[in-house]
Every structure is written in structure tokens, then in C-alpha cells.
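Have a look at the structure below before the remarks.
So you know, we letter chains A, B, ... as the sequences are listed, proteins then strands, and number each from 1. Since the structure is predicted, the reported quantities are computational estimates derived from the model, not experimental observations.
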Amino acid sequence: MLKRTVYCGELRAEHEGREVVLCGWVHKTRDMGHLVFVDVRDREGLAQIVFQSDRPELVEEAKKLRNEFVVGVRGLVRRRSAVNKDLPTGEVEVEAVELRVFAASKVPPFVIADPPQASEELRLKYRYLDLRRPKMQRHIRLRHEASLAVRNYMSRNGFLEIETPIMANPTPEGARDYLVPSRIHKGRFYALPQSPQQFKQTLMISGFDRYFQIVRCFRDEDLRADRQPEFTQIDIEMSFIEREEFFALNEGLMEAVFALTGRKLARPFPRLPYAEAMEKYGSDKPDLRVPLEMLDLTAVGRDGSSDVLKAAIAAGGELKGLLVPGAGTLSRSRLDKLGDKAKALGAKGLVWIRKQDGWKSSLKLADADFEKIWAALGGADADLALLVADKKATALKALGEIRRTWPMEDAARWANLEFCWVTDFPLFEWSEEEKRFVSMHHPFTSPHEDDMGLLETSPGKVRAKAYDLILNGVEVGGGSIRIHDMALQRRVFRSLGLADSETEEKFGYFLEALSYGAPPHGGIAFGFDRLVMLLAGEESIREVIPFPKTTSALDLMTGSPSAVSDRQLDDLGLKLK
RNA sequence: GGGGUCGUAGUUCAGUUGGUUAGAACGCCGGCCUGUCACGCCGGAGGUCGCGAGUUCGAGUCUCGUCGGCCCCGCCA
């Protein structure tokens with residue numbers, strides 16, 4: 001057995017004259033006849049091996065090598081006659097004196113190279129080959145380094161990493177659970193945790209004070225570029241905290257993580273109340289790199305000349321405006337496309353206004369109205385104004401989406417890291433489906449002190465001590481100050497329309513635990529996959545998860561999920577419908 | 001659950017208004033080549049056009065269904 005003495009990617013000029021052994025995969029061969037070059041790849045990079053005519057039997061062996069063969073090579077490191085500047089190892093090469101083929105390989109379905117010349121479908125089916133690509137190797141390593149940075153930072157700050165059960169109880173609120181049938185107790189089920197929420201709060205009650213965990217969570221909902229059915233959280237909980245102090249701790253964590261890519265963060269991160277975020281950006285996760293803000297123009301519309309706007313406002317709607325500087329020259333077809341987008345998001349229409357040789361607009365308005373709108377938005381001649389009159393939420397969403405996806409020309413700004421804390425979320429939101437209020441965050445979130453009186457009278461107006469951490473329009477974390485008083489916890493459950501008996505059944509142990517001296521506490525959970533995605537500059541978490549699932553929750557490599565035998569079902573007391 | 005988009009050689013794609021033998025590049029195979037690194041040159045093999053129905057004299061192309069990839073809405077305490 002040839003034992004590796006150095007990684008291919010670590011070969012440097014300083015190794016000149018030494019005998020080394022490299023182990024790795026054949027990346028590429030260049031056969032010159034009496035001279036053969038072979039690039040060998042391992043997890044650190046590429047090295048060039050040269051087989052030359054003073055060892056004709058070795059040259060013959062080398063000619064038989066094909067891509068992705070696994071080889072060991074013993075040889076002498078020497079300087080190249082011509083340096084390859086594109087390769088970190090490009091100053092040297094290894095003159096082979098011994099070659100061992102550990103394993104041959106079939107011709108791979110795609111060439112292992114960056115960028116891959118293969119569809120994502122094929123990459124996922126042959127993930128073990130895709131993961132050989134240098135870029136994927138970097139991503140997986142970055143993931144490791146990020147988890148190390150988290151563990152070091154948290155430990156340094158007095159937090160203990162504590163494991164919690166993967167087989168837990170189903171959660172009545174929130175996402176759909178993945179269920180695990182119990183063989184011993186037929187007809188009963190464990191659920192994979194959507195998060196370790198109750199366990200980490202229980203740990204606070206147990207006195208562990210500062211807890212964290214890098215932990216897998218499971219939610220049986222539809223997938224997206226940033227959502228997988230199983231994902232990893234950095235879960236944190238802490239007792240005796242105040243919000244600001246806790247924010248600072250978490251900002252420090254982000255600092256430690258982003259230091260991995262040499263990025264410095266501006267601290268403290270801006271704080272943005274939920275209501276303001278919605279008003280200005282039409283989103284609870286605004287991308288602050290986009291320098292556009294919405295404005296309310298309802299008063300202008302109500303008193304104005306347009307029956308269309310008046311009718312929309314009279315029906316309980318609002319008029320929202322977005323000024324886009326310098327976009328006054330946009331073509332009609334582009335404007336129409338924006339209108340289509342607004343309609344796709346549920347708005348009845350999109351009004352555009354520009355000021356070139358007089359007012360131009362998709363809606364007839366009196367000049368006085370144009371003047372008022374323009375003044376309110378602070379428009380200049382080259383600008384474009386976009387307006388939506390509709391139900392408030394619809395108008396904000398439609399314009400907010402146009403804002404979010406506005407093509408940014410300022411590349412430097414696009415490279416910024418714009419963090420912000422979105423705070424003061426509503427405690428509840430109305431569920432049309434269930435005809436009741438449901439928790440916007442989760443039912444253990446503490447209401448704002450000032451709004452306690454509204455819990456029974458107008459639950460929709462109660463603000464929560466909940467917060468999300470947003471980075472460039474991506475929700476990277478969310479948490480809250482929790483309820484640590486049993487009586488208040490019961491009140492919140494009642495506001496959710498849960499009967500005491502029901503609460504007892506579903507949260508019984510936890511309510512009892514709260515009555516044995518629960519410290520004030522709160523916490524947060526970060527989406528670890530999303531953080532690593534942003535660190536890597538990727539737009540899908542699949543790029544930083546070794547074995548992800550497709551948007552239909554299939555694992556194309558293993559074929560999971562799969563059918564099970566009748567025997568297995570029988571053991572569990574289950575029958576398929 | 002809904003909308004959009006894609007599916008043609010091993011791979012990435014092209015393929016006109018439905019019309020002869022479905023093309024290109026890369027990869028692969030064989031040959032040549034002593035300094036290549038996107039090696040080069042010569043030659044070659046390789047196709048259930050995702051699957052199933054339908055329309056038609058004739059379907060890669062049109063219609064319907066279905067499976068799969070991706071994006072989005074709903075959903076995601």
C-alpha cells in the first residue's frame with residue numbers, strides 16, 4: 001500500500017527535491033505519446049504527475065489511466081519547466097517512479113469539474129460524484145468550519161451544548177409533523193421535532209442557564225430553494241436575559257461566523273419593528289440592500305380625482321406608492337410586465353406615473369393629483385412612481401415584491417451584508433382556515449407587557465416579544481422572550497381557542513414544569529443551512545447540504561422514501577389505506 | 001392544492017409553418033504525437049426525442065394525461 005505523505009493540493013515549491021506519495025482520483029490525462037501528464041485530485045486540490053520515457057513501462061501504465069480511477073503515485077517533486085499560474089500547485093510537478101491503481105472507474109455520467117456540466121437532477125442522482133467537485137468540497141468544509149466557529153463562540157460565552165430527543169411528541173400548533181409509529185405502544189406515535197422548543201425551555205427550568213445545540217429539525221411542508229424537510233438549526237436558549245443583551249450576543253455569533261469569509265459586520269444591527277418593516281418594505285424580511293421604500297398615499301387618493309382609487313379606498317383599501325429613481329425611461333412592455341407581476345400577487349392593478357414632457361401615467365388623474373403624489377414621493381423628472389390601491393396587505397405585498405426584485409445596478413451594494421432585527425411581531429394572526437387566532441411565532445412567546453390587557457379583548461393587536469434576524473432578505477434566525485409564568489401561559493392558550501382540557505393533554509408536563517420555578521428566559525434559532533448558504537454565496541441550501549432532497553422531497557440518490565414490507569407494517573400495527 | 005418552466009446522444013443544448021437519413025459541442029472508443037495543463041491532429045461509435053394515449057397520410061414539433069427536475073403562491077408554531 002502506498003501511504004499518502006502529502007495532499008495533492010498542498011504541494012508547493014518548498015517540496016522540491018523530496019520524494020512524496022500522492023493518493024487521489026485521476027482528474028485528467030494528457031497523453032503526448034512518449035510523455036503522459038496526469039492531474040490527480042484529492043480534497044485539497046490538483047497536482048500534475050508526469051510519466052516520462054526513461055521509464056517506458058510506467059508510461060504504458062499511465063496510458064491506461066482513465067478519469068476517476070483511484071491511484072497512488074510515488075515520485076519526486078520538481079519545478080515545472082513552465083509554471084501554471086491557474087493552479088496553487090502550478091510551480092511544481094511530480095515525476096512518477098511508482099504507480100498503483102487502487103480502483104478503476106466507469107466513465108462518470110458527467111465530468112467532475114466546476115462549474116458542473118450537468119443538471120441538478122443528475123448531480124443529485126450521482127451526489128457522491130458531484131461532491132467530488134472542488135466547489136462542493138469547499139462548501140462542505142465551510143459548513144464544518146461554521147459549526148466549529150459556532151461551538152467555539154458559544155462555549156466561550158458559557159453555553160453548554162446539550163442534546164434533546166429526536167423522537168418526541170407531535171406538536172399541535174405549527175408545521176405538519178413527521179411521525180414515527182411506536183411498535184410497543186400500537187396506535188401511538190412519536191414525532192420528529194420541528195424544533196427542540198419545549199425541551200430547551202425545560203432545560204432553562206432545570207437550571208442550565210445557557211444552552212445551545214446544533215440540531216436537526218423536521219417539518220413536513222412543501223420545499224423551496226431555502227427549505228428542506230430536514231434542516232439544521234443553531235438552537236439557543238438563555239435565562240435571566242434582556243433583549244438588547246441577547247441581541248448583542250447573537251450579533252457576536254454572526255460576527256464569528258462571517259469572519260470565516262473575512263467579512264466584517266457593522267454593529268449593532270439596525271432594529272426594525274414589524275409594522276414599520278411592512279409599511280416601508282412590504283415584507284417581514286426586508287432586503288435592505290435595495291434602496292427603495294414605500295410610502296402611504298391613501299390621503300392623496302381619497303381626496304383626488306380618480307374614481308378608481310377612491311372606490312378602492314372607500315372599500316377599506318389603502319394607496320401605497322414606490323418611487324424608483326431613474327426608471328422613468330422604462331419601456332411600456334417592461335411596465336406591463338410589472339403590472340402582470342402585481343396582478344399575479346393578487347393586486348387588481350399597478351399604476352405607473354412618470355414626468356416627461358408632462359405627466360404620463362397608466363391611470364387618468366388631475367394634474368394636481370400628479371403633483372401631490374410626486375411631492376409626497378419626492379420624485380425627480382427621470383423617476384418612475386408605482387402605485388397600488390388595494391387591501392393594505394395586498395398593496396404592500398405587491399409593491400414590496402416589485403421592490404425586492406428590482407434589478408440593482410450597484411454591484412458593490414449587492415455584495416453588502418445588510419443585517420437587521422425585525423421586532424415586535426404580532427403575537428397572533430387570524431387563520432381563515434381554522435377560524436381562530438393562531439400563534440405567529442409559537443404559543444410560548446411572551447406578549448408585550450403594554451399589550452397584556454388586549455389578550456382577551458383584541459388578540460390581533462397584541463405585540464409579541466418576538467424577533468427575527470434578517471440578512472439580505474433571508475430570514476436567518478428567529479426567536480422570542482418566552483412566557484415563564486404558568487397563569488400567563490394558560491391565558492395565551494385560551495386566546496388561541498384551546499380548551500383547558502386540551503392544553504392539559506398536549507402541554508401538561510410543560511405547564512406543570514412552569515409551576516416549579518421557571519426563570520425568565522428567551523432564545524433564538526438560526527437556520528444553519530441558510531447561514532452557510534449565504535457564507536458560500538449560494539442561492540439554494542441544497543448547495544451546502546451533502547445529501548439534499550428535491551422539491552418533491554425525494555432523495556434521487558437513495559430513492560427514499562420507499563415502500564416497506566407488510567411484515568414491517570404488521571409489527572407496527574399499521575395498515576395502508 | 002395551484003401557477004410557471006424544462007425534459008432530444010453519456011452530458012449540455014439546437015432542431016423552422018407537422019414532411020426525406022434528428023444535428024453541434026464536450027465526453028467516450030481507436031490511432032498518431034517528448035512539455036502538456038480547455039493539449040493538438042486523424043478516424044469512429046453512440047438516439048425507446050421522459051412515459052402513455054390522441055389528432056393526422058405523416059408527430060421531436062399539435063392536444064390530453066402522466067412521471068420527473070427547477071422557480072413561485074398557498075403552506076412553513
Q | side chain to side chain contact (heavy atoms under 4.5 Å, CB included) assessment of A:Phe69 paired with A:Lys64 | A | CA-CA 10 Å; A:Phe69 279 27; A:Lys64 291 181 198 150; 6.0 Å; no
Q | Atom CD of A:Glu57 with >12 non-hydrogen neighbours under 6.0 angstrom | A |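 Yes - once you tally the heavy atoms of other residues, nucleotides and ligands closer than 6.0 Å, there are more than 12.
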Rounded [atom1] spacing from [N] to [M] in Å:
N	M	atom1	answer
B:rC29	B:rA45	C1'	7 Å
B:rU61	B:rU55	C1'	14 Å
B:rC75	B:rG60	P	43 Å
B:rU63	B:rU17	P	14 Å
B:rG52	B:rA59	C1'	15 Å
B:rU56	B:rC62	C1'	10 Å
B:rC71	B:rG15	P	25 Å

Just to be sure I understand the rule, does [X] reach a base, reach only the sugar-phosphate, or reach nothing, if contact means heavy atoms closer than 4.0 Å?
X	value
A:Ser439	sugar-phosphate
A:Glu93	base
A:Leu122	sugar-phosphate
A:Arg55	nothing
A:Arg542	sugar-phosphate
A:Arg224	base
A:Ala82	base
A:Lys85	nothing
A:Ser81	base
A:Leu223	nothing

Q) Nearest nucleotide by nearest heavy atom, which residue falls closer to the 5' end of RNA chain B, A:Asp222 or A:Leu556? A) A:Leu556
**Q.** 5′-ward residue of the pair A:Lys549/A:Asp86 relative to RNA chain B
**A.** A:Asp86
Rounded interatomic separation in angstrom, taking [atom1] from [X] and [atom2] from [N]:
X	N	atom1	atom2	result
A:Glu221	B:rC73	CD	C1'	14 Å
A:Arg80	B:rC39	CZ	C1'	13 Å
A:Glu120	B:rG7	CD	P	17 Å
A:Met557	B:rG68	CE	P	19 Å
A:Leu87	B:rU36	CG	C1'	13 Å

Q.
With a 3.5 Å cut-off and heavy atoms only, can you find an N or O donor on one side and an acceptor on the other between the side chain of A:Asn67 and the base of B:rG27?
A. no
Q) With no angle test and no hydrogens, is the base of B:rG74 tied to the side chain of A:Arg176 by a donor-acceptor pair under 3.5 Å? A) no
Does some side-chain heavy atom of [Y] sit less than 4.5 Å from a side-chain heavy atom of [X]?
X	Y	result
A:His521	A:Gln201	yes
A:Asn250	A:Phe246	yes
A:Ser439	A:Leu496	yes
A:Glu543	A:His139	yes
A:Phe547	A:Ser560	no

With respect to the phosphate group of [N], does any side-chain polar atom (N or O) of [X] fall under 4.0 Å of OP1 or OP2?
X	N	answer
A:Arg227	B:rC75	no
A:Ser552	B:rG68	no
A:Thr550	B:rG69	yes
A:Lys397	B:rG74	yes

Q) Between B:rC70, B:rG35, B:rG27, which nucleotide gets closest to the side-chain atoms of A:Gln48? A)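 Among the listed nucleotides, the one closest to the side chain of A:Gln48 is B:rG35.
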Q.
Using the side-chain heavy atoms of A:Gln117, tell me which of these nucleotides is nearest: B:rC28, B:rU34, B:rU12.
A.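 Selected nucleotide: B:rU12.
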Q.
If the test is salt bridge (charged side-chain N to carboxylate O under 4.0 Å, His left out), which one of A:Arg79, A:Arg78, A:Lys85 qualifies with A:Glu91?
A.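 Only one of A:Arg79, A:Arg78, A:Lys85 forms a salt bridge (charged side-chain N to carboxylate O under 4.0 Å, His left out) with A:Glu91, namely A:Arg79.
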Q: Report the base-pairing partner of B:rC51 (Watson-Crick or G-U wobble, both distances below 3.5 angstrom), or none.
A: B:rG65
Q) Among A:Phe510, A:Phe507, A:Phe437, which residue meets the ring-ring contact (aromatic ring centres under 6.0 Å, His included) test with A:Phe493? A)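 Exactly one pass, corresponding to A:Phe507.
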Q: Apply the test side chain to side chain contact (heavy atoms under 4.5 Å, CB included) to residues A:Glu539 and A:Met533: give CA-CA distance (whole Å), side-chain angles for both, the deciding distance (0.1 Å), then the verdict.
A: CA-CA 7 Å; A:Glu539 292 190 345; A:Met533 169 187 89; 5.6 Å; no
Q) What are the residues of residues 23-42 of chain A, sorted by number, that bring a heavy atom to within less than 4.0 Å of RNA chain B? A) A:Lys28, A:Arg30, A:Asp31, A:Met32, A:Gly33, A:His34, A:Leu35, A:Phe37
